[in-house]
Structures are given as C-alpha cells and as structure tokens.
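Report on the following structure.
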Amino acid sequence: MIYICSMDKKVRVRFAPSPTGGLHLGGVRTVLFNYLFAKKHGGDFIVRIEDTDQTRFVEGAEAYIFNTLAWCGLTPDESPLHGGPYAPYRQSERKPIYKQYAQQLVDAGFAYYAFDTPEDLEQMRVQYKTAENPSPQYNHALRTKMRNSLTLSAAEVTELLADGTPHVVRIKMPLDETVSFTDMIRGEVSFNTAQVDDKVLLKADGMPTYHLAVVVDDYLMKITHAFRGEEWLPSAPVHILLWQYLGWSADMPQWAHLPLILKPDGNGKLSKRDGDRLGFPVFAMDWTDPKTGETTIGFKERGFLPQAFVNLLALLGWNDGTDNEVFTIEELITAFSMERVHKGGAKFNYEKALWYNQEWIKRATSAQLADQVAETFAAAGFAGFDSAANGVAGSNAVAADRVLLLRVIDLIKDRCTLMADFVTQGAFFFVSPSEFDTASIQPKWTEQKNMFFIELFKAFESSIVWEAHDLENTFKEISAAHHLKPGELMLPLRIMLVGGKFGPGVFEIAEIIGKQATVNRIQKVLRILEHQ
RNA sequence: GGCCGGUUCGUCUAUCGGUUAGGACAGCCCCCUUUCACGGGGCAAAGACGGGUUCGAUUCCCGUACCGGCUACCA
C-alpha cells in the first residue's frame with residue numbers, strides 16, 4: 001500500500017486530544033502510533049489541543065497531557081507547549097479561522113444556517129421517533145421540516161441573522177452519494193450519504209465542532225496522515241466531504257482508524273470505571289479531578305516503567321510478525337508499520353501488562369533503576385533516599401549509599417514486578433523488619449536451636465571478616481557442632497534477618513546489612529520466641 | 001432500529017491457499033533453588049456457523065450468528 005502521496009511531502013501527523021480529563025490507555029496508544037509513524041518516516045509529530053467544547057473543558061487537563069507525553073518520552077515537534085510554525089495549536093485560539101471556512105461552505109451551498117433551538121431539536125427527536133427509527137436524524141428528510149436557511153425565505157434568514165438570532169451552521173449532506181476512502185488499516189470503506197445526518201459544523205457560540213475543526217486544522221497544518229480511534233469511522237464521510245467542499249481534496253491526509261481497547265471482562269470500550277472496578281490503572285499517570293478532588297491512579301504511580309508502558313501499548317493491536325514482544329522505542333520505530341495494526345479491538349489484559357513491566361525491570365541495570373528505586377523508597381517514607389535519588393555529587397556518604405543501593409537492586413530486581421515491590425522486597429536491607437513471621441518458626445522451635453542461635457550470634461559478633469561465604473561457613477560449623485541440620489536453621493535465620501520467607505540468599509543479606517544489624521535482629525527474634 | 005466495523009487457544013496474537021495451526025500472558029506439572037523469585041523443561045487450550053470458489057481453505061467470496069462503534073450545538 002502506498003501512503004506517501006507525493007514524494008516530496010514531509011510526513012506530518014497529529015494527536016488532537018480534548019482537555020477533558022486524564023489520558024487513558026487508548027489515548028496514549030493513539031499518540032504512540034502517531035509518534036512511531038512520524039519518526040519512522042522522518043516526519044513531525046504535532047499535538048493540537050481540541051478545546052472547542054467549553055462546557056467540557058477541565059482545568060489542568062492540558063498540562064496533564066503534556067506531562068504524560070514527557071513521561072512516555074513521546075516528545076511533540078509542535079504543540080502549544082513546544083511552539084511551531086503553525087501556531088496557535090489550541091483550537092479555542094483559532095476561533096476566527098473556522099468561521100471563515102464555515103461561511104465559505106454556506107456561500108457555496110454546501111452548508112446552511114439552522115435556527116432550531118435545543119428545544120426544537122428535542123421536540124423533533126420525540127415527534128419523529130418510531131420503533132424502526134429510535135433516533136431521528138437531522139438529515140435530508142427532516143431538514144425540510146426544521147427552521148433553517150433551506151426552509152426559510154432569504155429575507156427571513158437575513159433578518160434572523162441581522163437580529164443576531166442564535167444559529168448553527170450545518171453541512172448539507174447530499175441525498176444519495178457514495179463516499180469512499182482507503183483506510184490504511186481497513187482498506188476501502190464506503191458510506192452512503194443518505195445515512196449520515198447534517199452535522200453541525202459551527203456551534204451557536206461561534207466555536208467549530210470537531211468535524212469542521214479537524215478538517216480545517218489538518219489542512220492548515222499540512223497533516224499528511226490522520227490517525228484516530230475507530231469510534232470516528234462513522235463520521236469519516238463528513239470529513240471526506242468537507243475536504244472536497246473546501247476544495248482541498250488533493251491535500252487530504254491518508255486515514256487510519258485504530259482499533260479500540262476493550263474491557264478485560266465483558267465487552268465494550270475500556271473506561272476509567274473498569275480500572276476502578278477491576279483494580280488496575282487506566283490512565284497513564286495519576287489524575288486528580290479538580291472538581292471532585294478525586295484521584296484516579298495512573299500506570300506511572302502504580303509502579304510501571306515508561307518503557308514498559310510504551311512497550312505494552314504498542315503490542316496491543318500491533319506486532320511485527322515475529323515472536324518478539326519486548327521492544328525499545330527505537331526498535332518500535334524501525335519495526336512499526338500501520339498495515340500491521342489490527343482491525344479488531346483488543347481486550348486489555350492487566351496480567352500481561354504486569355509481565356511487560358517485570359520484563360523491563362529484569363532487563364534494566366541497577367544503575368538505570370537506581371533513581372526510580374530511590375524515589376520509590378523516599379515516597380514510602382524511608383529517610384535518606386532523596387540524596388541518593390538525585391545522586392548528589394561530592395559526598396562520600398552519598399556515594400556509599402548509592403553503591404549499597406545498586407547492590408540491593410541487583411539482588412532483588414528479579415523479584416519485582418512493580419516499582420513498589422522494591423520496597424517490600426528490599427526494605428529489610430535498610431531498616432529492621434517491623435514484623436517477624438515467628439509463626440513459621442515456632443512449631444519446630446527447640447531449646448537446642450535456641451542454643452545454636454545464641455552461639456551463632458556470639459560467633460558473628462566476634463568475627464573479624466564480614467563476608468557472606470565466611471558467615472556461611474561459621475553457620476555450618478556451629479550447626480554441625482550442635483548436631484543440627486543446616487536446613488532446619490536456614491529458615492529461622494532468614495526470618496530473623498528479613499522478617500519473612502522471601503528474599504535473596506541469607507548470608508548475602510547478612511553481609512550487606514552488616515554485623516551489628518545481623519546480631520541485633522537475631523537477638524531480637526530470640527527474645528520474641530522466648531516470650532511465646 | 002439504521003449505518004459502519006470486527007470475529008484463530010480464557011487473553012494478546014503468528015499464518016501473505018498446502019503447517020502436527022506457532023509464540024506470549026494466565027493456569028497446571030516437573031527441574032533448579034535449605035526461602036521467595038529468576039531460569040529451564042513439559043501439559044492443557046483455538047480457526048463462530050452455513051454455503052460456495054479451489055486439487056486443497058483459518059486464509060478468497062456470500063449469508064447467518066455474535067461482538068463492537070456511531071447514531072449530541074461531546075470529542
């Protein structure tokens with residue numbers, strides 16, 4: 001399939017979100033596919049804010065979108081934030097532009113003024129509603145029954161306009177034409193114009209609807225490829241016609257309608273509510289609704305690495321035809337192709353998402369993970385991690401902390417799926433466990449074992465070298481002397497040091513936490529056992 | 001209801017007419033591991049249905065069923 005129209009045309013794609021709330025999985029994936037396509041073809045990725053609906057505008061949503069893109073590493077080439085030659089990139093700031101084109105369409109007879117009030121429309125829907133037609137359309141049939149410049153006399157229209165009567169501009173859909181286009185993912189798709197209604201192009205407040213704005217801005221911003229969610233497919237004929245009516249057919253972008261991301265259970269589009277209900281994030285980052293103050297968890301805060309997040313999104317509805325599932329962003333850019341995007345929607349599977357994150361943690365080096373792990377510890381209330389996080393230069397203490405942190409990360413990262421797991425898996429390296437799983441020791445605890453551990457901590461206390469394998473030898477010698485099998489003693493020792501039945505090798509742990517902490521923890525648990 | 005789109009293991013998917021229909025996640029089993037993981041090995045699991053076209057259909061065409069999207073002065 002050929003999708004570069006003219007050879008010298010630079011690829012330009014756009015992501016055009018409405019600032020109405022948090023950015024969810026589907027939105028970020030649309031960004032990603034746009035970005036991958038643009039970068040693969042050496043093109044530009046533009047972010048345009050579609051804030052034409054003032055009633056749905058939410059404070060902070062735009063900033064949130066840019067924060068999300070930054071976290072994902074999907075940097076726009078042009079946007080209201082990054083600037084660019086086609087500014088402004090916020091539709092609310094482009095208001096006069098749309099009016100001009102709406103006027104052009106009316107003048108050419110492709111659109112008309114409609115003076116119907118919301119009440120009129122409501123009445124129309126009730127009046128013409130039947131069993132066969134539960135949702136009557138403002139279309140070629142019904143427009144003759146409404147108050148618009150098609151039914152009113154020219155004089156009336158002029159007067160209404162002169163009086164400043166609230167009105168909208170609607171597209172005049174042709175009676176019976178076939179509109180077809182080639183979708184990069186779906187191939188040829190066609191519609192009969194009789195089936196689509198006379199969409200509002202310009203609202204009474206002078207703002208364009210999506211339909212007009214997307215066409216005008218895509219043209220003005222020289223967009224070559226327009227990718228969006230499948231939910232837009234039904235209105236594609238309106239957009240195609242608008243490109244024609246405005247005389248821009250030759251510049252119309254190639255379209256691709258992306259498959260939807262579906263609920264894991266049941267059916268339907270994945271929504272924020274599904275995340276709340278099933279206990280996983282749907283938004284990329286935490287989103288706090290400014291009105292309710294309610295915060296919805298994001299993938300970032302849940303402990304996902306941005307690389308993993310991008311990776312799992314890319315593989316939701318696309319693959320390169322091989323068995324490879326783990327890709328860096330660079331690898332995605334080279335491997336990506338719109339033709340390999342699926343037609344059908346994909347049910348989101350959180351288990352698989354977790355696997356991607358685990359995979360990325362495993363593959364990352366401790367140095368790559370260090371800052372984020374330190375942040376995670378700091379966020380969990382552990383003291384002394386802020387400086388490690390920032391890697392403040394100079395101080396030897398900080399350098400030592402960092403070496404320790406890297407060692408700990410190496411030891412535990414294979415056991416971590418989410419960033420928070422570093423805390424549950426590694427906290428005991430930095431602080432004594434607050435709880436000890438003595439219930440797992442108790443049943444088989446004997447005075448003989450008690451004696452063993454008393455001797456063990458004394459031996460540890462007086463040892464000169466503090467190194468894992470020496471500690472293990474000491475441990476084995478004493479257990480032999482007490483006629484105890486090391487196997488029976490390993491678990492108690494582990495619980496004494498880490499608090500539970502998990503973690504890396506006990507002697508490595510002992511080496512890292514040091515003599516004092518090791519001895520203290522053994523004594524502490526011995527005392528607990530004594531009182532039980 | 002209408003229009004449009006979709007349909008391979010439970011889930012994400014590979015297959016460009018000829019395969020014992022492959023991989024991954026999840027599940028189960030075994031090995032490794034004096035813990036928990038990682039890792040290694042294995043088991044189980046799929047072409048919605050009915051017609052065509054063809055020597056041969058998961059693959060191409062038609063119909064049916066089912067699922068989804070849209071059907072706002074929201075995007």
Side-chain angles (χ1 to χ4, degrees), chain A residues 16-20 50-53 55-56 114 116-118 121-122 125 129-139 166-170 183 185-186 189-192 194-197 199-211 213-214 228-237 257 259-260 262-269 312 315-326 342-356 358-359 362 412-417 421 425 437 440 485-491 493-495 498 500-506:
Chain A
S18 294
T20 54
E50 309 223 338
D51 55 349
T52 55
D53 186 356
T55 63
R56 292 215 309 158
D116 316 280
T117 64
L121 294 174
E122 180 54 31
R125 289 189 186 107
K129 183 173 176 170
T130 59
E132 302 81 51
N133 185 12
S135 40
Q137 306 278 286
Y138 201 119
N139 60 12
H167 63 276
V168 302
V169 172
R170 285 180 183 271
D183 185 285
I185 296 170
R186 289 151 213 284
V189 183
S190 44
F191 299 83
N192 187 296
Q195 302 297 336
V196 353
D197 60 333
K199 294 275 185 231
V200 169
L201 264 20
L202 203 67
K203 301 186 251 188
D205 65 1
M207 277 291 198
T209 58
Y210 172 82
H211 307 294
V214 72
R228 72 221 307 195
E230 191 186 342
E231 69 269 27
W232 289 109
L233 205 43
S235 51
H257 292 87
L260 267 13
L262 278 12
K263 300 174 194 293
D265 61 346
N267 297 298
K269 271 202 285 197
L312 73 91
L315 274 283
L316 212 50
W318 172 88
N319 72 83
D320 72 345
T322 71
D323 287 342
N324 190 198
E325 295 187 279
V326 180
H342 293 167
K343 297 180 177 77
K347 284 183 187 164
F348 179 65
N349 183 205
Y350 187 55
E351 296 299 326
K352 187 85 184 219
L354 288 172
W355 174 80
Y356 276 107
Q358 185 179 29
E359 211 54 32
K362 261 162 37 190
I412 65 175
K413 72 189 176 77
D414 284 356
R415 287 154 231 266
C416 298
T417 300
D421 295 336
Q425 290 291 327
D437 179 16
S440 295
K485 284 184 219 147
E488 300 177 75
L489 303 165
M490 289 290 267
L491 187 65
L493 179 58
R494 167 174 300 281
I495 288 172
V498 324
K501 293 187 272 190
F502 64 95
V506 255

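Because the structure is a prediction, the values reported are computed rather than measured. Convention: sequence-line order gives letters A, B, ...; per-chain numbering from 1.
Here the side chain of K501(A) is nearest to one of A26(B), U35(B), G6(B), namely U35(B).
When Watson-Crick and G-U wobble pairs are counted only if both distances are under 3.5 Å, C25(B) pairs with G10(B). Base pairing of C32(B): no nucleotide in any strand meets the Watson-Crick or G-U wobble criterion (both distances under 3.5 Å).
Counting to the nearest Å, the C1' atom of A37(B) and the CH2 atom of W355(A) are 17 Å from each other. As rounded to whole Å, 7 Å separates atom C1' of C38(B) from atom NZ of K362(A). Taking atom NZ on K269(A) and atom P on C67(B), their separation rounds to 18 Å, with Å as the unit.
Taking the six-membered ring where the residue is Trp, Y210(A) and W232(A) present parallel rings, their angle staying beneath 30° rather than reaching 60°.
Looking at heavy-atom distances under 4.0 Å, K413(A) makes no contact with the nucleic acid at all. Among the atoms of the strands shown, only primed sugar atoms or phosphate atoms (P, OP1, OP2) are found under 4.0 Å from some heavy atom of Q358(A). Note on H342(A): only backbone sugar-phosphate atoms sit closer than 4.0 angstrom, heavy atoms only; bases stay farther off. Within the nucleic acid shown, G268(A) comes within 4.0 Å of sugar-phosphate atoms alone, with no base atom in reach, counting heavy atoms only. Counting non-hydrogen atoms under 4.0 angstrom, T52(A) reaches the backbone sugars and phosphates but no base. Note on I495(A): nothing from the nucleic acid sits closer than 4.0 angstrom, heavy atoms only. Nucleic acid contact for S190(A): sugar-phosphate only, since backbone atoms but no base atoms lie under 4.0 Å from a heavy atom of the residue. Using a 4.0 Å heavy-atom cutoff across all strands shown, G229(A) reaches no nucleic acid atom at all. Contact annotation for P166(A): no contact, since no heavy-atom pair falls under 4.0 Å across all strands.
Comparing the C1' positions of U7(B) and C29(B) gives a spacing of 33 Å, expressed to the nearest Å. To the nearest whole angstrom, the two C1' atoms, one in A14(B) and one in U8(B), are 10 Å apart. Separation of the P atoms belonging to G50(B) and A57(B) is 14 Å when rounded to the nearest angstrom. The C1' atoms of G69(B) and A45(B) are separated by 30 Å, rounded to the nearest whole Å. Straight-line distance between the P atoms of G41(B) and A26(B): roughly 16 Å, to the nearest whole Å. Comparing the same atom, P, in C49(B) and in C55(B) gives a spacing of 25 Å after rounding to whole Å. Nucleotides G27(B) and A44(B) are separated by 9 Å at their C1' atoms, to the nearest Å.
Results of the side-chain contact (heavy atoms from CB on, under 4.5 Å) test with V196(A) over P237(A), P234(A), S235(A) single out P237(A) as the only residue that passes.
The nearest pair of heavy atoms linking N139(A) to D197(A) is CB-CA, 4.1 Å.
Summarising the geometry, atom CG belonging to D320(A) is positioned 8.0 Å from atom CG belonging to L315(A); distances are rounded to the nearest 0.5 Å. Considering CG of L493(A) and CD of E488(A), their distance stands at 14.0 Å, rounded to 0.5 Å.
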